Amino acid sequence: MKRRLQGMGMTSRRTRERMISRLRQQGIGNGKVLAVMSEIPRHVFVDEALESRAYEDTALPIGHNQTISQPYIVAKMTALLMQNRALGKVLEIGTGCGYQTAILAKLAEQVYSVERIAPLMKKARDLLWELDIKTVGFKHSDGGWGWPEHAPYDSILAAAAPSEIPEALLQQLAVGGVMVIPIGTETRQELHRITRSEDGFIDEIIEPVTFVPFLSGVSH
Ligand code: SAH
């Protein structure tokens with residue numbers, strides 16, 4: 001890992017800048033999100049064999065049948081949560097390799113991240129520590145339960161798609177809070193932004209997306 005962090009020279013910075021201009025062309029206008037994505041090395045979150053593809057706008061395998069979300073989706077979800085507001089205290093469901101977690105950590109007051117596959121959670125936790133990102137709480141659990149001890153959350157981001165929103169996540173969203181979550185079947189999903197007001201929940205459908213399924217239970 002040390003070598004990979006040190007080997008992060010001009011080439012990868014240039015490649016990262018290309019990723020940023022592509023995100024701008026794709027309609028991501030939030031300067032804070034783009035600045036953080038240009039700062040965090042994405043290649044250290046994937047296997048060495050895939051490093052050269054880390055800045056392509058694609059999901060890549062991270063083992064255990066899971067994928068690192070494509071840069072556009074990471075940027076889009078973060079920007080949706082930050083529209084006209086601060087992230088505040090964030091709950092993330094589906095840590096995966098921890099790339100989205102790192103982006104959130106740079107922008108939020110506090111991040112709590114839940115992952116159901118233990119080895120993924122541990123790897124992400126160690127990597128973020130090495131990147132000197134030390135403000136994230138990690139939990140090995142089924143995110144369908146949320147993380148009640150730290151609720152309510154100002155922002156909730158789910159990186160896996162349930163067929164409907166788990167009740168616990170709605171309950172753990174603060175009044176005035178915002179959740180972005182893909183909802184649908186394995187083949188057809190839409191990204192939703194749910195805003196909690198005094199009188200209930202506002203549900204906006206943003207665009208069609210493809211995520212891995214939201215699974216229940218944990219894996220060791
Ligand atoms: N943002 C992550 C996405 C990883 S893919 C990244 O870029 O790496 C989605 C992740 O959600 C997977 O790691 C999967 O194990 C996890 N996941 C799926 N259902 C879950 C659940 N019920 N609770 C917690 N994590 C879940």
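Source: prediction; values computed, not measured. Just so you know, ligand 1 is whichever comes first in the structure, and atom 1 is the first atom listed for that ligand.
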Going by the ring pair (Phe, Tyr, Trp, His ring centres under 6.0 Å) test, which pairs reach into residues 187-220, not counting sequence neighbours? His140-His220
Among side-chain atoms of Ser141 and Glu115, is any donor-acceptor pair under 3.5 angstrom?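 On atom types as modelled, these side chains do not qualify, holding no pair under 3.5 Å.
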Does the side chain of Asp57 pick up a donor-acceptor pair with the side chain of Gln26 at under 3.5 Å? yes
Non-neighbouring partners of Glu207 that pass side chain to side chain donor-acceptor pair (under 3.5 Å), sequence neighbours left out: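 Scan of Glu207 (side chain to side chain donor-acceptor pair (under 3.5 Å), adjacent residues dropped) gives Tyr72.
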Step by step, would you call Phe45 with Leu131 a side-chain contact (heavy atoms from CB on, under 4.5 Å)? CA-CA 11 Å; Phe45 289 86; Leu131 291 170; 3.6 Å; yes
Using a cut-off of under 3.5 Å, which N/O atoms of ligand 1 pair up with protein N/O atoms, and what distance separates each pair?
from	atom 1	to	atom 2	distance (Å)
ligand 1	7 (O)	Ser69	N	2.9
ligand 1	8 (O)	Cys97	N	2.9
ligand 1	13 (O)	Glu115	OE1	2.7
ligand 1	13 (O)	Glu115	OE2	3.3
ligand 1	15 (O)	Glu115	OE2	2.6
ligand 1	19 (N)	Leu215	N	3.0
ligand 1	22 (N)	Asp142	OD1	3.0
ligand 1	22 (N)	Leu215	O	2.6
ligand 1	23 (N)	Gly143	N	2.7
ligand 1	25 (N)	Arg116	N	3.4

Anything under 3.5 Å between a donor and an acceptor, one on a side chain of residues 153-160, the other on a protein residue two or more places apart or in another chain? List them.
from	atom 1	to	atom 2	distance (Å)
Tyr153	OH	Trp147	O	2.5
Asp154	OD2	Lys89	N	2.7
Ser155	OG	Arg85	NH1	3.2
Ser155	OG	Leu87	O	2.8

